[in-house]
Amino acid sequence: MTTTQTNPTLPECWQAFEDCLNAGIDRIILFGPSGIGKTYAGLNMGDTNGGAFRLVCTEDMTNMDVTGAFMPSADKGFQWVNGSAIKAWEGNGIVGGRLIVDEVDKASGDVFATLLAMLDSPESATWEHPETGRIVRPREGFTAIMTTNVENMDELPTALADRFPVRIRINAPHPTALLALSPDLRNFAVRMADAGERRISLRAFASFDKLRKGLGDARASQIVFGSRSESILDAIAIDKVS
Amino acid sequence: MNQQATIYAEPEWLGRNDAENGRWVVSECNPRRGEPMTAIAERIMRVPVMNTELARVIRAHEMMHAKVSPLGDSFQQWIQRGIASEKAMTVVEELRVNFLIQQRGFDAKSHLADGGETADGERVANTNDWQTAVHMAIATAGTASNKLFLNGVRRHNRQWGESLADISKRAVKEMQKAFKTGTLASTAIDTRTGLYPVGFSHTERIAEWIDRLASISPEELHEGEEGESQEGAEGENNEGAEGEPAKASHSNKGRGRPKKGTGKRLSGITPSEYSRSIPMWAELNIGKLSMPLATKGNIGKKRTASNIGRSPRRMHRIMTDPQMRVFDKVTRGSGGVVVIDASGSMNFTHEQIRKIVENAPGATVISYSEMGGKDAPNAYILADKGRMVKDLPTQGSGNGVDFPALEWAVKNRQRSNSPIIWVTDGGVCGTNSGFHNSLAMQCINFCKKHNIVVVPFVDEAIAELRKMKNGGKPESRYPEMLRMVWKESIGTELPLRG
């Protein structure tokens, strides 16, 4: 039997993500509970020399965030400003960058359609610049990481799912993210990251950690965990038994 | 305190070395004995959710189970070892959990009671159920329930009340001693035996003691002394009442002072000492040897004349035998199994094995000794079904499989009434470990249960077999070491013969 708390190696899910990036997989879905570091990993892990561009999907967003839009300029005219997807396609001008699409399941219909075009395979993906008429294609090295809290991948639209054959469930915080917490809280953060309806995010642990230094465990717990405060403190007390 | 608030337990916070973390299903129940529960393997917990001290302590109790108690499969492994009964281990585990929550600041001593304990105490005392009384006392020891339960018992049986109070106190003290070892709550896996959680070894050790305590009631233990003191009590009553016998014939057992010395005698039954390594038997691995020598076989098949039967074979007896026993009656010996401890402290010769089978035709002779090496045989069959080995095999110096060899003998005896003789000097040891009281007690209890004759030398086994052959009743002569263990554990003498 293995144990999560004493395993010094990279958790299996993060190891799988790293292996995929190293193998050159350019379309990956990271799914699982929120607040566990999926977006952080998308922005920072692997080769991001071409830059990493984030797109947070909501129902009210428009294609402007994806491809770009004409924006008022300093000379009282309008100029085209690229959206995140085009920025990622272009990268640093030499190699393509990385597009991180958060909560793709929340995007509206037209944005979703544009995203499908942007995330198509490099051979088919093209976009015409509305100002210059230039045909833009993703540069070599463009990668896309999609993150979602949807647990059942069958719920994703087929067209999107087809574009992302590799899906990794992230169920443990990344060890580097845990280093920001005090040592005595790290194991708890790992256990509670995927605790279903009683899940507690890394951010909540970080707040508790900061608060308790000045206010003590009881008060900090009350502020951060609210009505669960008592049972959480009891659980911590029991876990410390030796 | 806002009692309306709902507080669930949070078992996901708990970490163990012998199990992975995961999501739990936590549901609510009443704060009554029997309702809260924890299934660790299935990750299901049922706890009261009220904001009261009782509910909080019960939640802590269930959480501690989730933290330290064995999972379903591993609990089965502990049961299968046969050192302590399932029931005893269950109640001692309650004690361990209650002790640990008290250590972590949950006031089980003041709050862990649901009010039904007094009635439980009265019931077990009324029904003379000593075993349940001991189990209840242990399960509640160190909590508010214990006092209530003992009060109930005392109402009907003062003597039991005193004895159970003493047992409860000693059990808590044992937990305190175990706590000082630093392994009481350990969920590590024992690398030598593969057993887990390691902290449960304390539960098993104390449970073995509880089994002994529960097996004999104070009345049985102090039968002789009770008779004397009762006579004394009657005498006093008669004197005081000037010829009125009313008090002496009162049937209520709960009245009067407890019998003197009962606690002292019960305290003679002590738990075995804690050892750093978990005592464990090796798995019996019987090596095959060729058996070229023929001896008296077929379990002593013998034909005698009889006056009833199917085909007459002795027709001449019509004329010569007044009872006309013309038929054959086949009688067989009862066979038997002789289990020989072949460890370094013992010795026997080929000639002695031959004598065994001569006196018990068809008997099986098995010798055992731990050789070292994982797959090396630790037992050999030296004679079986009328055949025996030509040369004795080389065997090791350790024991390792005393109990498994006895179990094998019981399973493989020719008939249910075939005698079993165990030749041992009593120096029973587990695998890669030294002598351990709990292992020795396991062997003694097993021998008593299955009427196994225990003798220290092969020559005595031969003498016993000869006695049985001539229609005599076999007799054990327990070796010194086993008698000492018995005395230490039970507090009474194990008869030298019997």
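Predicted, not measured: the structure shown is a model, and the values here were computed from it. Convention: sequence-line order gives letters A, B, ...; per-chain numbering from 1. Values below: every heavy atom of this structure, side chains too, minus hydrogens, waters and symmetry copies.
Both the backbone and the side chain of Ala60(B) come within less than 4.5 Å of a heavy atom in chain A. At a 4.5 Å heavy-atom cutoff, the contact between Val68(B) and chain A is made by side-chain atoms alone. Interface remark: Phe106(B) contributes side-chain atoms only to the contact with chain A (heavy atom separation under 4.5 Å). If you measure heavy-atom distances from Gln103(B) to chain A, you find no contacts under 4.5 Å at all.
For the set Thr187(B), Leu184(B), Ile7(B), the count of heavy-atom pairs under 4.5 angstrom toward chain A peaks at Ile7(B).
Using a 4.0 Å cut-off between charged nitrogen and carboxylate oxygen, Arg59(B) and Glu230(A) count as a salt-bridge pair. At a threshold of 4.0 Å, the pair Glu174(B)-Lys177(B) counts as salt-bridged, since one of the basic side-chain nitrogens sits closer than that to a carboxylate oxygen. Ion pairing between Arg169(A) and Glu151(A) holds under the 4.0 Å rule for side-chain N and carboxylate O.
Side-chain polar atoms of Asn98(B) and Thr143(B) form no donor-acceptor pair below 3.5 angstrom.
If you run salt bridge (Lys or Arg N to Asp or Glu O under 4.0 Å) between Glu12(B) and each of Arg228(A), Arg198(A), Arg199(A), Arg191(A), only Arg198(A) comes through.
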